[in-house]
Amino acid sequence: MNHDDLLSVPSPVVSVNGLGKVFGTFDPSMIERTGPTTGTARDAFSGSIVAAWDVNFEVAAGEALGIVGESGSGKSTVLRCIAGDQPATTGDVRFTCHEEGTVNVLRLDPATRRRLRIDKLSVVYQDPAEGLALGVTAGGNIADPLTAAGWRNFGRIRSRAAELLERTEVPLDRMDDIVRNFSGGMRQRVQIARALANNPAIVLLDEPTTGLDASVASGVLDLVRRLLEELDLAVVVVSHDFSVIEMLTQRCIVMQHGRVVEEALTDQLLEDPQHSYSQKLVAAARA
Amino acid sequence: MDTTLQPILEASGLAKSFTLHNIDGRTVSALHDISFAVQPGEHVTLAGSSGAGKSTLLRVLYRTYRVSTGSIKFHLRSGRVVDIAQLTDVEILALRGREIGYVSQFLAAQPRRSVLDLVSRAGVSRGMSRTDAREMAALSLRRLNITEALWDVHTAVLSGGEKQRVNIAAGLISPPRLLLLDEPVSALDPENRARAIDLIADLADAGVAVLAVFHDLDAISRLATRVIRMAHGRIIDDGPAAEVLPFLQPSDVQP
Ligand SMILES: Nc1ncnc2c1ncn2[C@@H]1O[C@H](COP(=O)(O)OP(=O)(O)OP(=O)(O)O)[C@@H](O)[C@H]1O
Ligand SMILES: Nc1ncnc2c1ncn2[C@@H]1O[C@H](COP(=O)(O)OP(=O)(O)OP(=O)(O)O)[C@@H](O)[C@H]1O
Ligand SMILES: [Mg+2]
Ligand SMILES: [Mg+2]
């Protein structure tokens, strides 16, 4: 299709093509023995788990894509493969950032991938213990990615940490307290501050507010939403909570037993879900 | 070429049905064979009794509902024509905002967002500068009788009528070329309703095409240049307001 300027769609920063992840031995025949049609991600024959298969999507700068689905549907697996925390079994994950052009993350050597992970991509985990060192101060947790990126000047690191804490609404007088002493909402804010330290192009959020009290969650959510608006990030948000998806994303995919069963505009998914599984999820969320 | 005679929207043979997989797989047919065109500056009111398909039609045009069959030709500012039924999700997102806006009866839940922030944000997302957007937001909030004391209050604590006026202010700031309105003034008292209607009336004067549902004959008589009457998911009447209005049944406009 020909695009004129008013319908010009932004070019993708993250592009995921045919991504698949199998835990255990892999044999192509297990694909048809697993997924929504058979009702399980676990291959009865081999015991392997097809945690994600044939996942395709693109995310542009300034855009947030949601991944929804029940527990075990493969949402976190997709994020971990994009972040390079886990090797994918098959497929491509491409990042397009200004300096490097397009790179296939899954084919990079470990050192380059680590660099990319530090400079371009951050993950915010549901469990702050995964994204933070709980025994380290808030300031120290933020300093960590900065030093990894080559920052050496102590004063500059502290002022950058202070700036980030301010931005994520963590009182500055808590900068030198260890994170273990922080409330759940505050830990999540420190995790977000840390994630933004190196001005990433891509941020992956895995259930960023699950487990928080409703009022605390809404504060964190509001922070995330403002950051999405202000910074030109390409974002993927995993959540089983439709209110999170509704507030943060414009488009989403629905996963069931490791497969994408629906891809939709977020408002369309909520108002006119097509797949029976999506209809079940939306009905459950409304109840 | 006289561009005023070019329609902005042409729907033809539109149908919409819902397949409810988890309710014995039944199919609910909501729209059948809907065809009509809208010109810039026209204010078209959709009338019809409850369940006639008015909201469904607006949502199909905005692509909140997927189109089952038919086409929705949309004439872009640039003159190029696209079919909303066929566009990808990403293209729809590009089309929304600057070209097509949608204002429903309810303000989308946005906890912790201040009134002024919400309205000016809508302007920024349509390409206004932050300063212009704040100025315009202040202007429309004043016109809609939302006092300054409420501007930095979170929208969640507003009354139903205040929420609805904030929603209108956000929907009408830097208006898109086609505006879909679904009972936007239903919760307002007569005085505030009159103010909101004035604001909506200005849109058509500015060349915006408006497709709206009102449950209020006064609003329709004041605003509509044309009325489309629907029943059971079909168009049963379509003509200039002066011709169709006398034939409207009370049930066509009752909530
Ligand atoms: N390291 C692993 N080894 C073996 N199986 C794994 C591993 N990680 C995940 N799985 C399996 O892969 C499937 C998908 O898991 P994943 O964590 O992606 O689900 P999820 O959608 O994020 O669920 P939740 O909502 O509970 O977080 C599950 O069946 C899970 O048990
Ligand atoms: N998401 C949906 N899923 C299933 N059926 C739907 C959905 N949306 C609308 N319908 C059905 O489509 C028909 C038309 O509904 P619609 O809301 O368009 O009526 P309306 O003319 O706007 O009525 P009202 O004046 O009461 O708002 C109804 O039978 C309704 O139940
Ligand atoms: Mg998970
Ligand atoms: Mg309706």
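Per chain, numbering begins at 1; letters A, B, ... match sequence-line order. Side chains included, hydrogens not; waters and symmetry mates left out as well; all remaining heavy atoms used.
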Any donor-acceptor pair under 3.5 Å from A:Glu263 side chain to B:Asp89 backbone:
no

Could you grab the distance from atom NE2 of B:His154 to atom CG of A:Asp222, nearest 0.5 Å is fine?
7.0 Å

Counting only N and O atoms by type, is there a donor-acceptor contact under 3.5 Å from the side chain of B:His21 to the main-chain atoms of A:Gln274?
yes

Could you tell me which portion of A:Ala264 (side chain, backbone, both or neither) has an atom closer than 4.5 angstrom to a non-hydrogen atom of chain B?
both

Of the backbone (N, CA, C, O) and the side chain (C-beta and beyond), which part of B:Tyr65 lies under 4.5 Å from a heavy atom of chain A, both, or neither?
both

So what's closer than 4.5 Å to chain B heavy atoms on A:Ser215: side chain, backbone, both or neither?
backbone

Sequence neighbours excluded and cut-off under 3.5 Å, please list the side-chain donor-acceptor pairs for residues 242-252 of chain A, or say none.
unit_1	atom_1	unit_2	atom_2	d
A:Ser243	OG	A:Asp241	OD1	2.8
A:Ser243	OG	A:Asp241	OD2	3.4
A:Thr249	OG1	A:Ile245	O	2.7
A:Thr249	OG1	A:Thr266	OG1	2.9
A:Gln250	OE1	A:Ala64	N	3.2
A:Arg251	NE	A:Glu63	OE2	2.7
A:Arg251	NH2	A:Glu58	O	2.6
A:Arg251	NH2	A:Glu63	OE1	3.2
A:Arg251	NH2	A:Glu63	OE2	3.1

Measuring from atom CG of B:Asn22 to atom OG of A:Ser278, what distance do you get when rounded to the nearest 0.5 angstrom?
10.0 Å

For B:Arg113, is there an ion pair with A:Glu229 - N to carboxylate O distance below 4.0 angstrom?
yes

dist B:Arg121:CZ -> A:Arg225:CZ (nearest 0.5 Å) comes out at 9.0 Å

Which atoms of B:Thr64 are under 4.5 Å from chain A, going by heavy atoms: the side chain, the backbone, both sets, or neither?
both

Could you check whether A:Arg226 pairs with B:Asp117 (Lys NZ or Arg NE/NH1/NH2 to Asp/Glu carboxylate O, under 4.0 Å)?
no

Are B:Arg63 and A:Gln268 linked by a side-chain donor-acceptor pair shorter than 3.5 Å?
no

Would you find more than 12 non-hydrogen atoms of other residues, nucleotides or ligands less than 6.0 Å from A:Glu32 atom CD?
no

Roughly how far apart are B:Ser68 OG and A:Asp272 CG, rounded to 0.5 Å?
7.5 Å

